[in-house]
Amino acid sequence: MTPSLLSPESLGDALRSSGFAAIEGLFDVGLLQALREEALALHSAGQLQAASTGRGAGKQRAGLRGDSTLWLDDPACGEAAGDFLSALDELRQRLNRELLLGLHEVEAHYALYPAGAGYVRHRDRFRDDDARVVSLVCYLNPHWPADAGGALRLHLPDGPRDIAPRLGTTVLFLSDEIEHEVLPATQPRLSIAAWFRRRV
Ligand code: OGA
Ligand code: MN
């Protein structure tokens, strides 16, 4: 049985006590649908690029991950991306109030995994970039059959926990602690991954 998702109010407590929170209903569904449409249009226009791991000098070419991405602050992005970055900044301030994390900024990208693609087990901190404190993944797939694969698998101290990438579900976790992976899916899988960063 899939453990149930938490309500938005319990986010801070869950992150504090277990290092992760899987939430239902954190963002407005209309905004999530607009983000989905924007991402699909950008993809059709060839704006998403095969992802690499790490940024800048430490960049590693793929093999580890099969998604294509576009940063939400890219000029090609539209209104939905801007609205979502504003919502993420409000969330950043809330996390600072509730958890005193001193989060300074947030970065986010669209990610599209074609059928069969995944992302091997990893942490979200890179040797050349240890500014990431909290990771967030927000899913944009309205219909996700139980047998479609594509779960986010969190490797927790008491064992793995799989979360289906369904629109309305948002997962937050501590970037330097929680190892995780994306399991291959039988259909394309659309999401936004975001990182709340401290000043380094
Ligand atoms: C990532 C990542 C998880 C997901 O982009 O670093 O782990 O469920 N994404 O898309
Ligand atoms: Mn990750």
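Heavy atoms only: backbone and side chains are in, while hydrogens, waters and symmetry mates are out. Small disclaimer: the values here were computed from a predicted structure and weren't measured.
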Chi angles and distances behind the side-chain contact (heavy atoms from CB on, under 4.5 Å) call for Leu42, Asp74 | CA-CA 11 Å; Leu42 287 162; Asp74 190 286; over 6 Å; no
Find the distance between NE2 (His109) and OG (Ser191) and round it off to the nearest 0.5 Å.
-> 8.0 Å
May I ask you to check whether over 12 heavy atoms, not counting those of Glu79, lie within 6.0 Å of atom CD?
-> no
Does the pair Asp130 and Asp176 meet the rule for a side-chain contact (heavy atoms from CB on, under 4.5 Å), with working shown?
-> CA-CA 8 Å; Asp130 66 351; Asp176 65 338; over 6 Å; no
Derivation and outcome, side chain to side chain donor-acceptor pair (under 3.5 Å), residues Gln49 and Thr69 = CA-CA 5 Å; Gln49 301 288 321; Thr69 64; over 6 Å; no
Roughly how far, to the nearest 0.5 Å, is CG of Leu136 from CZ of Phe196?
-> 5.5 Å
What residues, two or more places apart in sequence or in another chain, satisfy side-chain hydrogen bond (donor to acceptor under 3.5 Å, both in side chains) together with Asp13?
-> Arg16
Closest heavy-atom pair, Ala108 versus Ile192, reported as atoms and distance to 0.1 Å, is CB-CG2, 4.1 Å
Before giving the answer on side-chain contact (heavy atoms from CB on, under 4.5 Å), spell out for Leu112 and Leu70 the whole-Å C-alpha distance, their side-chain angles and the decisive distance to 0.1 Å.
-> CA-CA 9 Å; Leu112 180 68; Leu70 180 68; over 6 Å; no
The single option from Leu167, Thr170, Thr169 that satisfies side-chain contact (heavy atoms from CB on, under 4.5 Å) with Leu32 is Leu167
Roughly how far apart are Leu190 CG and Tyr139 OH, rounded to 0.5 Å?
-> 11.5 Å
Non-neighbouring partners of Glu37 that pass side-chain hydrogen bond (donor to acceptor under 3.5 Å, both in side chains), sequence neighbours left out | none
Here the gap from Glu177 atom CD to Ser18 atom OG, rounded to the nearest 0.5 Å, amounts to 10.5 Å
In Å and rounded to the nearest 0.5 Å, what is the CD to CG distance from Glu105 to Leu88?
-> 12.5 Å
Keeping the roles fixed (side chain from Arg92, backbone from Leu103), state whether a donor-acceptor pair exists under 3.5 Å.
-> yes
Quick one: do Arg132 and Glu107 make a salt bridge, cutoff under 4.0 Å?
-> yes
Do you know the tightest heavy-atom contact between Phe173 and Leu15?
-> CA-CD2, 3.9 Å
Determine, using the 4.5 Å side-chain heavy-atom cutoff (strictly less than), whether Val137 and Leu156 are members of one ILVMFWY cluster.
-> yes
Judged by atom type as modelled, is there a donor-acceptor pair below 3.5 Å linking the side chain of Arg36 to the main-chain atoms of Leu140?
-> yes
Ring centres of Phe84 and Phe27 under 6.0 Å apart?
-> yes
CA sep, side-chain torsions, deciding dist, call: Arg189, Trp144, side-chain contact (heavy atoms from CB on, under 4.5 Å) = CA-CA 9 Å; Arg189 175 190 191 274; Trp144 198 265; 3.8 Å; yes
Taking all atoms of both residues into account, what is the closest heavy-atom pair of Leu6 and Ala14, and its distance?
-> CD1-CB, 3.5 Å
In short, Ile163 meets Ala22 closest at the heavy-atom pair CD1-CB, 3.9 Å
Would you confirm whether the ring centroid of His180 sits within less than 6.0 angstrom of the ring centroid of His155?
-> no
Can you see which heavy atom on Gly78 is nearest to which on Glu38, and at what distance?
-> N-OE2, 3.0 Å
Indicate the atoms forming the closest heavy-atom contact of Asn141 with Pro165, along with that distance.
-> ND2-O, 2.7 Å
Measure the CG-CG distance between Asp83 and Leu31 for me, rounded to the nearest 0.5 Å.
-> 6.0 Å
